[in-house]
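Everything below concerns the one structure shown next.
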Amino acid sequence: ENSPNDDLLLQRANEIEISEEITSPSQLKWYRIRSRNEGPNKIKLHPCRVLGSDEACQYVRKQSRGRERLGEYHKVIQCFSFPNIANGDYLVVKDHLLIPFQHNIDGVEELNDEVINRYLRQQIHEGKSKNCT
């Protein structure tokens with residue numbers, strides 16, 4: 001029998017609308033950000049997608065009116081906003097703050113269960129999903 005937490009997670013999963021821009025699992029990342037509200041050492045995870053190079057350059061040009069370029073160690077991400085993930089915020093972030101959804105174990109790509117479980121516990125603790133800004 002499902003626990004109330006399992007039922008809540010299943011309900012949220014069923015409400016998600018997948019964006020057409022997501023074409024590969026390699027685009028999916030976890031954005032790590034320090035929570036200002038929960039102390040200096042509290043890291044929060046936010047699911048996001050990494051924009052392709054053309055889309056990222058377009059975003060940077062539009063935001064900076066053509067004055068800036070994307071740094072070598074930066075990525076443009078779109079944070080997921082639930083249930084319609086296409087409405088998420090766009091951010092330019094440092095590459096080292098992104099964790100892949102998948103990792104390679106003995107030559108096989110698998111979901112990073114440890115990070116997924118951490119995110120689910122975070123969502124249960126918060127009681128709701130939020131944007132990453």
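Quantities reported herein were computed from a predicted structural model and do not represent experimental measurements. Values reported hereafter were calculated over all heavy atoms of this structure, with side chains retained and with hydrogens, waters and symmetry mates removed.
- Between F80 and L28 the shortest side-chain heavy-atom distance falls below 4.5 Å.
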Next item on the list: Please lay out, stage by stage, how R49 and K29 fare under the test side-chain contact (heavy atoms from CB on, under 4.5 Å).
Entry: CA-CA 6 Å; R49 76 174 178 98; K29 306 284 183 188; over 6 Å; no
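- Nearest heavy-atom pair across P47 and Y119 is CD-CE1, 3.5 Å.
- Nearest heavy-atom pair across L51 and I77 is CD1-C, 3.8 Å.
- Residue L91 holds its CG atom at 12.0 Å from NE2 of H74, rounded to the nearest 0.5 Å.
- In this structure, SG in C79 is found 8.0 Å from CD1 in I33, a value given to the nearest 0.5 Å.
- When the side-chain contact (heavy atoms from CB on, under 4.5 Å) test is applied to L97, the partners found at least two apart in sequence or on another chain are Y31, R32, K94.
- Side-chain contact between Q78 and D89 is absent, with no heavy-atom pair separated by less than 4.5 Å.
- More than 12 heavy atoms of other residues, nucleotides or ligands shown are found within 6.0 angstrom of CG on N117.
- V115 is not listed as a side-chain neighbour of P100, based on a closest heavy-atom distance of 4.5 Å or more.
- Every residue two or more places apart in sequence or in another chain was checked for a side-chain hydrogen bond (donor to acceptor under 3.5 Å, both in side chains) with Q58, and none qualifies.
- Proximity of V76 to V60: side-chain heavy atoms (C-beta onward) are separated by under 4.5 Å at one or more points.
- Contact between Q122 and I43 at its shortest, heavy atoms only, is OE1-O, 4.3 Å.
- The distance from atom CZ of F101 to atom SG of C48, rounded to the nearest 0.5 Å, is 7.5 Å.
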